[in-house]
Amino acid sequence: MNTLVAGCKINLGLRITGRRPDGYHELDSLFCPLPRPCDRLRLRITEGSGLRVLCDTPGLNPEDNTLTRAYAAFAAATGAGPEALPALEITLRKGIPVGSGLGGGSSDAAALLRWLNAHAPQPLEHTALTKAGLQVGADVPFFLQPGPQLKACRVRGVGEQLEPAGKHLAGLRLVLVCPAHSVSTAQAYADFDAARTDGTAAGPAGQNNLTKAEAGANGTFLSEAQPVVDLHNDLEAVVFARHPQLAAIKAQLLRLGAFAAGMSGSGSSILGLFHLEALMEARAAAAVLQEEGWRVYALTL
């Protein structure tokens, strides 16, 4: 019996820099790993072949999820087929909320891919493993970084271009609010595309006619010279339009002393950043939000 712990990530800003002919969106964002909330995967090797996923989370299809797709992608990458892999039963305990913008499904997939690779007679090289992971989800390559500890990274393309970044984040206080309801990533991007097409404002001026050249400049959320002060997220406007309570949480974090606040990924999680010396303010903000019934995490980056 093996138990794997899969942490999550937050997006410190997100800019959509283009859309590929296949429909995938290219982005520019700063991903920061977090140890919690986290998922736990209990693996049991069984007789026979294939993968069985057990999970009591509503809405998770046991036959088609990031774990089953990771298992299939690894089998295809090795060229040996799924019958050559260990037969597994995975009991998934979700701690990372579904539809929260924290990359839980991708983190689960990466954890399984790492385990399969560690137990393969002929392990895949990192490049091949990352390529397999990208077939499962755009965030998977981030969680497959080499080495025992994930680093904050600037992430571009559809998630395959990683560059270590964010050294200036060390010591910042984070208050992360995870609402109970989920946000559909597909719906968020569809709404963003629709807003650009019909001329509805979905971001700063010029966003409706987005081109790579226009969106190529770094936002201050990628600056190494100063603390993060701009958590601009191109998806916020359309997501907040459907989920106004998320905008209210962001405003509440700013009223409670965060020097910057924003949505992680396509939501629904909202984060607030506090300076190192503002420990008491961060704790007080977390306490207030918890009293209002939200699921809250207070961490130091």
With distance as the sole test, does [X] use its side chain to make a donor-acceptor pair with the main-chain N or O of [Y] at under 3.5 Å?
X: Gln290; Y: Arg295; result: no
X: Ser100; Y: Ser268; result: no
X: His243; Y: Val239; result: no
X: Gln145; Y: Phe142; result: yes
X: Arg173; Y: Leu276; result: yes
X: Asn117; Y: Leu113; result: no
X: Asp139; Y: Gly103; result: no
X: Ser264; Y: Ile10; result: no
X: Asn11; Y: Ser29; result: no

> With Leu271, which of Leu299, Leu174, Ile249 fulfils side-chain contact (heavy atoms from CB on, under 4.5 Å)?
Replying inline: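 Of the listed residues Leu299, Leu174, Ile249, the side-chain contact (heavy atoms from CB on, under 4.5 Å) partner of Leu271 is Leu174.
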> In Å and rounded to the nearest 0.5 Å, what is the CD to CG distance from Glu236 to Leu246?
Replying inline: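 The CD atom of Glu236 sits 9.0 Å away from the CG atom of Leu246.
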> Atom CG of Leu85 and atom OH of Tyr71: how far apart are they, to the nearest 0.5 Å?
Replying inline: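 Interatomic distance, Leu85 CG to Tyr71 OH, rounded to 0.5 Å: 4.5 Å.
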So that I can tick it off, tell me whether [Y] and [X] are bridged by a salt bridge, with the cut-off set at under 4.0 angstrom between side-chain N and carboxylate O.
X: Arg156; Y: Glu26; result: no
X: Lys94; Y: Asp56; result: no
X: Arg93; Y: Asp39; result: no
X: Glu160; Y: Lys131; result: no

> What's the verdict on side-chain hydrogen bond (donor to acceptor under 3.5 Å, both in side chains) for Thr3 and Arg42, showing C-alpha distance, side-chain angles and the deciding distance?
Replying inline: CA-CA 4 Å; Thr3 299; Arg42 190 174 64 185; over 6 Å; no
>> Do Thr17 and Leu27 have side chains that approach each other closer than 4.5 Å (heavy atoms only, starting at C-beta)?
In response: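 Contact flag for Thr17/Leu27 side chains = no.
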>> Under the rule for salt bridge (charged side-chain N to carboxylate O under 4.0 Å, His left out), what residues qualify as partners of Arg44, not counting sequence neighbours?
In response: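 So Arg44 forms a salt bridge (charged side-chain N to carboxylate O under 4.0 Å, His left out) with Glu89.
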